[in-house]
Amino acid sequence: MPVQMQRAMEDDWQMAKKKKRPQGHYCKICGEYKANEKFSGKGHAAHICKSCSRLSAAEKAEMQTINRLMELPLRRLGQSEKKWLENRVHDSRPEVAELAKEIYRECFPHAERNAMKKQLVISELDFEIHTEVYQEYGDWETVNQKFHIVRKERKIIFLDSDRGGPEQETALDGGSMAKLLRWIVHTLEIFMWPQDYGYVSADGDPFMELKLDMGENASDDDMDDENYIDDAGLFWEPDKEEVEREPDWCVRVKYSNGIEQEIPCYDGELTDKPEELYFCLLEYFEPEENLEWDE
């Protein structure tokens with residue numbers, strides 16, 4: 001490469017670098033770069049502009065905290081920064097707390113789900129299927145089946161209405177039952193199906209008592225607000241014809257903390273996680289096959 005061309009490229013790079021550099025002096029309170037005349041001599045040394053110097057100590061602290069929050073999503077957080085952010089979520093200053101929640105959701109999108117998993121232990125689960133299921137041999141088969149899991153009694157009850165006959169029952173030891181129910185909550189994340197898939201109970205009640213609000217439990221006022229519900233994407237409103245007929249499949253869950261959840265679906269097909277749950281439970285009544293799943 002000719003020397004002149006190389007120097008020209010270096011000059012262009014240096015000019016681009018200079019253009020990116022903010023002009024003026026930085027104020028640590030408002031977070032802006034301002035001309036030097038916007039700072040007093042003392043303020044210049046303290047990195048506080050004349051406008052911000054007139055604020056009260058509380059106002060300065062709040063603005064500085066907000067500026068620090070705004071910078072967090074731009075990089076990966078260390079443990080100390082994460083702890084600081086978690087404390088700001090519960091800040092007594094409303095504007096700071098609201099912004100901190102928003103930033104926390106952006107930095108840790110799965111934190112809420114992980115927190116919910118620790119609180120939810122399934123006591124009973126009912127799973128009804130009245131739709132076509134794609135079988136492993138490549139055909140669609142209409143099934144009318146029911147599964148009922150009872151944690152305390154350590155058993156799974158199965159009824160196939162199409163084939164007739166009595167209910168079938170299989171017993172599990174305590175460890176196997178706990179592992180199965182933990183898999184349903186931690187891996188399948190059944191408590192999030194209404195939000196993930198847009199399901200709603202037949203009476204239009206969104207997500208029953210879980211009331212997730214991306215970080216903290218929503219208040220009753222939030223859940224009564226149609227705009228809040230629509231923005232959160234917690235449910236869709238079924239047609240009247242759908243409410244009047246039996247769902248194509250439905251899951252009802254009772255948790256040990258008293259929460260009850262109903263997840264009906266009227267669109268006909270088992271989606272990925274419900275389908276995974278179906279085949280997992282079905283294998284308990286097909287002894288020639290081994291049940292495997294990740295914890």
Side-chain angles (χ1 to χ4, degrees), residues 108-131 133-137 141 143-161 163 165-197 199 201 207-212 214 217 234 247-265 269-295:
F108 308 101
H110 302 295
E112 179 193 15
R113 295 193 179 203
N114 294 335
M116 288 295 295
K117 290 175 185 179
K118 297 177 183 178
Q119 303 172 31
L120 299 177
V121 177
I122 295 175
S123 295
E124 292 186 39
L125 185 145
D126 287 290
F127 190 15
E128 297 185 20
I129 304 98
H130 308 285
T131 187
V133 178
Y134 191 74
Q135 303 295 337
E136 292 181 351
Y137 45 81
E141 179 184 352
V143 299
N144 289 283
Q145 299 172 343
K146 296 181 181 180
F147 297 91
H148 180 57
I149 303 176
V150 185
R151 180 187 181 91
K152 188 175 181 180
E153 299 179 17
R154 299 177 182 174
K155 65 182 181 182
I156 305 174
I157 301 170
F158 172 62
L159 175 64
D160 191 332
S161 301
R163 298 181 182 179
E167 293 180 340
Q168 300 179 53
E169 182 178 314
T170 184
L172 303 179
D173 59 69
S176 297
M177 175 60 77
K179 187 177 181 180
L180 169 63
L181 297 179
R182 191 165 57 246
W183 173 74
I184 294 173
V185 171
H186 287 250
T187 302
L188 297 187
E189 298 183 331
I190 193 170
F191 60 96
M192 293 296 294
W193 288 4
Q195 182 171 331
D196 289 345
Y197 298 117
Y199 302 142
S201 61
F207 212 6
M208 303 304 285
E209 296 296 325
L210 293 185
K211 299 180 181 177
L212 295 186
M214 299 302 289
N217 290 337
L234 297 184
D248 296 307
W249 61 266
C250 182
V251 176
R252 299 178 184 88
V253 189
K254 291 183 180 179
Y255 298 97
S256 59
N257 59 5
I259 289 176
E260 295 186 14
Q261 182 182 23
E262 181 181 18
I263 312 169
C265 179
E269 296 183 6
L270 287 172
T271 42
D272 51 355
K273 290 183 179 180
E275 183 180 59
E276 192 173 352
L277 175 60
Y278 168 70
F279 283 113
C280 170
L281 297 180
L282 190 63
E283 285 183 354
Y284 281 100
F285 300 92
E286 298 177 351
E288 68 277 8
E289 299 202 31
N290 297 321
L291 177 67
E292 294 182 358
W293 68 81
D294 297 326
E295 286 187 67

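Computed from a prediction, not measured in an experiment: that's the story for all the values here. When a residue number appears, it is its place in the shown sequence, counting from 1.
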- Message: Under a plain distance cut-off of 3.5 Å, with no hydrogens placed, do Asp126 and His148 share a side-chain donor-acceptor pair?
- Response: yes
- When you check the side-chain N and O atoms of Gln261 and Tyr255, is any donor under 3.5 Å from an acceptor? yes
- Taking all heavy atoms of Leu277 and all of Leu188, pick out the closest pair and write down the distance. CB-CD1, 3.7 Å
- Do you know the tightest heavy-atom contact between Thr170 and Phe285? CG2-CZ, 3.8 Å
Considering only heavy atoms from C-beta outward, does the side chain of [X] approach that of [Y] to under 4.5 Å?
X	Y	answer
Thr131	Asn144	no
Val133	Leu270	yes
Gln145	Glu128	no
Met192	Arg113	yes
Pro247	Cys265	no
Trp183	Cys280	yes
Ile190	Leu125	yes
Glu276	Asp272	no

- Message: Consider ring pair (Phe, Tyr, Trp, His ring centres under 6.0 Å). Of Tyr278, Phe147, Tyr284, which one does Phe158 pass it with?
- Response: Phe147
- Does NZ belonging to Lys146 count more than 12 external heavy atoms closer than 6.0 Å? no
- side-chain hydrogen bond (donor to acceptor under 3.5 Å, both in side chains) between Asp248 and His130, worked out: CA-CA 5 Å; Asp248 296 307; His130 308 285; over 6 Å; no
- Message: Any side-chain to backbone donor/acceptor pair from Lys117 onto His186? Under 3.5 Å, distance only.
- Response: yes
- Message: As a test of understanding, state which of Leu281, Ile122, Ile157 forms a side-chain contact (heavy atoms from CB on, under 4.5 Å) with Ile149.
- Response: Leu281
